[in-house]
Protein chains: 2
Amino acid sequence: MTAQQVSGQHEAELLDEMWRHVTPDAARRMLIAAAHAFADKGYHATTTRDIASLAGMSPAAVYIHYRSKEDLLFQISKIGHELSLSVLSDVPGKDPVERLSNAVSSFARWHAEYHTTARVVQYELGALSPEHHATVVELRRGIEGRMRSIIAEGVEAGLFDAPDLRGATLAVLSLCIDVARWYQPTGKRTPEQIGALYADLVRRMLMS
Amino acid sequence: MTAQQVSGQHEAELLDEMWRHVTPDAARRMLIAAAHAFADKGYHATTTRDIASLAGMSPAAVYIHYRSKEDLLFQISKIGHELSLSVLSDVPGKDPVERLSNAVSSFARWHAEYHTTARVVQYELGALSPEHHATVVELRRGIEGRMRSIIAEGVEAGLFDAPDLRGATLAVLSLCIDVARWYQPTGKRTPEQIGALYADLVRRMLMS
DNA sequence: TTAGGATCTAAGCAACCGCTTAGTATGTGC
DNA sequence: GCACATACTAAGCGGTTGCTTAGATCCTAA
């Protein structure tokens, strides 16, 4: 077994872990298949036949567990947003500097490790129905709010220098999110290393 | 005329300016229509009928000037990459610090001002044919190389502290490119302000 | 044993896709 | 006036799309 195969297996395990509470089994397999296909080719370029075929089932089987192709996208987007939001909850750290480092490190690492889901989450928002889009936008507001409050703590403590708080928050989130675009499992940087590198860059970017 | 209409007209003028050397007139109108549609809905969700309709012509007229829908995407992607590459050419500045600030400021501002084209350039790479994709990847290598050499100059001069040169380059480019994803013309930050904010953040991120 | 729900497939429908064909208008050189 | 290239449109072709229908199979409980 090559290193790349090990890496591939590791990712498959991560995905299984990620969607573990989706039941029944066939529904979970279809979500995983859809997430891979959407990330690989984009939502609109993926057919329901692609998804069914990846999940090892007939095209009609999709509609036993999901209302529509868009419903599949919404489930992936919703769960994905909730997971990436949970990464920014109760971030440990004895002071704002440590808390920001941990937040950035975890958030950037998440976008590398779960880059497949993260790509769907970040780049297929526009394909959601207006109602589903609104649900997801609300989750995104939560993500921005949590990162902003971590930075704000540091500013109030006089540790960070960020005259434009919202601008700085935007830049930090943007930096982490964009990891999903360029990250490749075959690249030389591991998700942990990316998290460490980014935590350091952001610390220097904001510390006074 | 409202502020938003002025802004809209300003953007339309920028686009006309951007594609000014595309002839004949109908071919240029179609490129502009395609760029807007691709940025708005994505390449695969855009039909050739959408493009023709936006350009005020019949569906068949697309094929007078372009081989295929993918050819339209390639022209947009190629010209877009060349323009964003030219932004990083001959960056002025009396020292590496000033040069980096100018490079980041210009590059980030470009991704805000031309966010329509930039989105196509950044998010529809995968829809290109293998040959066209290779052409564009070559241009992207040039972009990365120019930013890296600017940072490297500062490191060699002892002004920047970047133990991981390629990692730092990746982060800086990533930060600027992601502006195209979140930028909204109706937002409160102008492209110039974003450029200034980002130049400052990156300077602090890299200076020793 | 068997009724009944849940889960799946084979087949196919209406709509839409990228692109082509055949033919029409327009302008230009001679 | 006429031949001819360019630029366009109306119509439509073969193939694909998301999704539905009708029916087969399986599991479970009485």
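Values below: all heavy atoms of this structure, side chains included; hydrogens, waters and symmetry mates excluded. Here is the naming used below: chain letters follow the sequence lines, and residue numbers restart at 1 for every chain.
Where A/Tyr43 and B/Met30 each meet DNA chain D at their nearest nucleotide, the meeting point lying more 5' is that of B/Met30.
Following rounding to the nearest Å, B/Arg49 (CZ) and C/dC16 (C1') show an atom-to-atom distance of 7 Å. For the pair A/Arg28 CZ and C/dT7 P, the computed distance is 14 Å after rounding to whole Å. Between the OH atom of A/Tyr63 and the C1' atom of C/dC13 there is a distance of 14 Å, given to the nearest Å. The NZ-P distance, from B/Lys69 to C/dC17, rounds to 9 Å in whole Å. In this structure, A/Tyr66 places its OH atom 14 Å from C1' of C/dT7, rounding to the nearest Å. The interatomic distance linking A/Met57 (CE) with C/dA10 (C1') rounds to 14 Å, in whole Å.
Nucleic acid contact for B/Ser58: base, since at least one base atom lies under 4.0 Å from a heavy atom of the residue.
Between A/His111 and A/Phe107, the angle of the ring planes goes over 60°, which puts this pair in the perpendicular group of the 30/60° scheme. In this structure, A/His132 and A/Phe74 have parallel ring planes: the angle between them is below the 30° cut-off, well short of the 60° mark.
Using modelled atom types, one side-chain atom of A/Tyr66 and one backbone atom of A/Ala27 make a donor-acceptor pair closer than 3.5 Å. A donor-acceptor pair is defined here as one N or O able to donate and one able to accept, closer than 3.5 Å; such a pair exists between the side chain of A/Thr46 and the backbone of A/Ala37. Here the side chain of A/Asp178 pairs no donor or acceptor atom with the backbone of A/Ser174 at under 3.5 angstrom.
Look at A/His65 and you'll find a side-chain N or O under 4.0 angstrom from OP1 or OP2 of C/dC8.
The nucleotide whose nearest atom lies closest to any side-chain atom of B/Pro59 is, among C/dC19, C/dT20, C/dT7, C/dC19.
A 4.5 Å side-chain heavy-atom check between B/Lys69 and B/Leu73 finds every atom pair outside the cut-off.
Chain B approaches DNA chain D within less than 4.0 angstrom (heavy atoms of the protein), and the contacting nucleotides run 5' to 3' from D/dC8 to D/dG12.
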